[in-house]
Amino acid sequence: MSTKNYSLGQIGDYEIKQLKVFKTVVDCGGFSAAETALNIGRSTISLHISNLESRLNLSLCKRGRAGFSLTQEGQIIYQMTNELLDSLEGFRTTVNNLNASLTGKLRVALSDTVSLDERSQFPDLIRGFSAQASEVMLHTNVAPMADIERMVLNDEADIGFIPYHRQLDGLNYIPLYQDTCYLYCHASHPLVSMSETEQKQGVNEFPTTHAGVKPHEGISVQINEMNLSAVSYFYDTRLALILSGQYIGFLPDFYAQAYIDKGELVAVLAEQISYDLGVAVISRKTAQPNKARELFIDIISNKFAK
């Protein structure tokens with residue numbers, strides 16, 4: 001499209017809406033995939049994009065038998081759209097935090113099992129927070145540890161609850177509790193009937209399920225020597241693989257105890273193979289002021305004060 005004597009002029013709510021549609025289409029990888037995310041039909045999406053292209057006097061994307069792709073101009077507009085929407089969200093958050101009342105939203109990301117682990121006291125934390133910030137919209141999400149670290153560092157989440165074995169420079173940590181992780185197998189597994197000497201000699205031969213992340217340094221040498229045959233980050237699926245009798249794997253003792261009591265799980269070489277894994281709340285050190293986040297952190301700090 002020609003840009004001769006063309007000037008964009010003011011950008012209003014309608015253009016911002018079109019840019020949000022455009023961003024969603026790009027994030028989803030095409031018009032069809034964006035229908036569910038936007039909850040509008042493909043023809044309406046196409047109309048929004050066409051109107052946006054006319055408004056900007058630019059061709060943003062190619063669609064056809066070859067699939068969806070961005071033009072060079074479209075790539076630039078997509079990058080600038082992300083920056084614009086992030087700035088708008090930052091402006092909204094800052095204004096909300098200047099108000100006397102707590103509004104806006106609080107984004108909390110948790111690793112699996114933490115929210116219902118009684119030691120995290122998560123329901124009590126939410127109860128205390130809601131009593132003081134009833135107008136704040138709460139967003140919760142479950143993700144692996146590394147993803148939560150990234151989300152908090154990139155300001156995609158305000159607070160994270162994670163099992164951790166490292167401390168990153170850009171994050172604050174509030175320790176909550178600590179687990180000891182042991183190597184477990186099902187009661188029917190061949191290791192159960194072996195002597196301790198036989199277990200030491202043979203444990204590394206059996207298929208092992210692991211988290212798929214960089215091992216805890218306290219056990220990394222042992223894990224690297226094992227027959228790592230299945231990846232399962234979340235405890236529930238790792239437990240299911242161990243209960244199948246086909247795999248052995250590490251689990252926190254607190255999480256495994258109920259299955260030990262039922263006689264379904266057996267710890268292997270518990271005196272020789274184990275490691276400690278802390279659970280902590282993380283937040284970004286250099287984040288913009290956020291009253292909702294600061295209140296929640298204060299509540300956590302007071303609850304877990306040593």
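Every heavy atom of this structure was used, including side-chain atoms; hydrogens, water molecules and symmetry mates were not. Just so it is clear, the structure is predicted and the values come from calculations on it, not from any experiment.
The two residues Leu277 and Cys181 make their nearest non-hydrogen contact at CB-SG, 4.1 Å. Between Ala292 and Phe129, the closest heavy-atom pair is O-CE1, 3.4 Å. Contact detail for Asp147 and Ala143: the closest heavy-atom pair is CB-CB, 4.1 Å. Taking all atoms of both residues into account, the shortest heavy-atom contact from Val192 to Cys185 is CG2-SG, 3.6 Å. Considering every non-hydrogen atom in both Ala270 and Tyr182, the closest pair reads O-CE2, 3.6 Å. Considering every non-hydrogen atom in both Val268 and Tyr184, the closest pair reads CG2-C, 4.4 Å.
Counting only distance, with no hydrogens or angles, the side chain of Thr81 and the backbone of Ile77 share a donor-acceptor pair below 3.5 Å. No donor-acceptor pair closer than 3.5 Å links the side chain of Ser134 to the backbone N or O of Ala131. In this structure a side-chain-to-backbone donor-acceptor pair under 3.5 Å is missing from Thr44 to Ile40. Checking side-chain atoms of Asn141 against main-chain N and O of Ala109 turns up no donor-acceptor pair under 3.5 Å. Proximity of a side-chain donor or acceptor of Ser130 to a complementary backbone N or O of Arg127 within less than 3.5 Å is not detected. Between the side chain of Glu53 and the main chain of Ser59, no donor-acceptor pair closer than 3.5 Å is present. Between the side chain of Gln199 and the main chain of Leu191, a donor-acceptor pair closer than 3.5 Å is present.
A heavy-atom distance below 4.5 Å is found between the side chains of Gln132 and Leu295. Counting heavy atoms from C-beta outward, Gln18 and Asn51 have side chains that approach closer than 4.5 Å. Here the side chains of Pro144 and Phe234 are in contact, with some heavy-atom distance below 4.5 Å. At a threshold of 4.5 Å between non-hydrogen side-chain atoms, the residues Glu118 and Phe254 count as touching. Looking only at side-chain heavy atoms (C-beta outward), Val21 and Ile49 come within less than 4.5 Å of each other. At a threshold of 4.5 Å between non-hydrogen side-chain atoms, the residues Phe22 and Thr24 do not count as touching. At a threshold of 4.5 Å between non-hydrogen side-chain atoms, the residues Tyr255 and Asp117 do not count as touching. Annotation: side chain of Tyr259 is in contact with side chain of Lys262 (closest heavy-atom distance under 4.5 Å).
When the shell of 6.0 Å around CG of Asn39 is examined, it contains 12 or fewer heavy atoms from other residues, nucleotides or ligands. Under a cut-off of 6.0 angstrom, the local environment of CD in Glu225 is crowded, with over 12 non-hydrogen atoms contributed by other residues, nucleotides or ligands.
Taken together through direct or relayed side-chain contacts under 4.5 Å among Ile, Leu, Val, Met, Phe, Trp and Tyr, Ile299 and Val108 form part of one hydrophobic cluster. Under the 4.5 Å side-chain heavy-atom criterion for Ile, Leu, Val, Met, Phe, Trp and Tyr, Val25 and Leu84 are members of the same hydrophobic cluster. Under the 4.5 Å side-chain heavy-atom criterion for grouping Ile, Leu, Val, Met, Phe, Trp and Tyr, Met151 is not connected to Met145 through any hydrophobic cluster. Residues Leu38 and Leu70 are members of one and the same hydrophobic cluster, defined by side-chain heavy-atom contacts under 4.5 angstrom among Ile, Leu, Val, Met, Phe, Trp and Tyr. A single hydrophobic cluster is seen to contain both Leu239 and Leu228, as judged by linkage of ILVMFWY side chains at heavy-atom distances under 4.5 Å, directly or through other members.
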Are Asp112 and Arg238 close enough, and set up right, to give a salt bridge (Lys or Arg N to Asp or Glu O under 4.0 Å), and what steps lead you there? CA-CA 12 Å; Asp112 68 318; Arg238 201 184 315 166; over 6 Å; no
Take Lys62 and Thr71, measure what side chain to side chain contact (heavy atoms under 4.5 Å, CB included) needs, and give me the verdict at the end. CA-CA 7 Å; Lys62 301 174 184 177; Thr71 63; 4.1 Å; yes
Test side chain to side chain contact (heavy atoms under 4.5 Å, CB included) applied to Leu176 and Phe161, step by step: CA-CA 9 Å; Leu176 302 184; Phe161 286 71; 3.8 Å; yes
Tell me, with the steps shown, if Leu171 and Lys285 meet side chain to side chain contact (heavy atoms under 4.5 Å, CB included). CA-CA 5 Å; Leu171 297 175; Lys285 285 183 177 179; 5.6 Å; no
Would you sort out whether Thr208 and Tyr247 count as a side chain to side chain contact (heavy atoms under 4.5 Å, CB included), showing the intermediate values? CA-CA 5 Å; Thr208 303; Tyr247 297 91; 6.0 Å; no
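Separating the CD atom in Glu35 from the OG atom in Ser43 is a distance of 8.0 Å, to the nearest 0.5 Å. Once rounded to the nearest 0.5 Å, the distance linking CZ of Phe122 with CG of Leu116 reads 9.0 Å. Rounding to the nearest 0.5 Å gives a distance of 8.5 Å between CG of Leu251 and OG1 of Thr209. Distance check, rounded to the nearest 0.5 Å: CG of Leu58 to CD1 of Ile76 gives 9.0 Å. Rounded to the nearest 0.5 Å, atoms CZ (Phe296) and CD1 (Ile159) are 5.5 Å apart. Rounded to the nearest 0.5 Å, atoms CG (Leu88) and CD1 (Ile16) are 5.0 Å apart.
Classification of the Phe68-Phe31 ring pair by plane angle, with boundaries at 30° and 60°, yields tilted.
Among Lys105, Arg107, Arg284, the single residue meeting the salt bridge (Lys or Arg N to Asp or Glu O under 4.0 Å) criterion with Asp158 is Arg107. Under the side-chain contact (heavy atoms from CB on, under 4.5 Å) test applied with Ile242, the options Leu265, Ile248, Leu183 reduce to a single match, Leu265.
Electrostatic pairing of Asp13 and Lys20 does not count as a salt bridge here, judged by no charged N lying under 4.0 Å from a carboxylate O.
Side chains of Gln257 and Asp253: a donor-acceptor N/O pair is absent below 3.5 angstrom, by distance only. Of the N and O atoms on the side chains of Ser283 and Arg293, not one donor lies less than 3.5 Å from an acceptor on the other residue.
Within the 6.0 Å centre-distance limit, the rings of Tyr164 and Tyr173 are counted as a close aromatic pair. In summary, the aromatic rings of His189 and Phe206 are positioned with their centroids under 6.0 Å apart.
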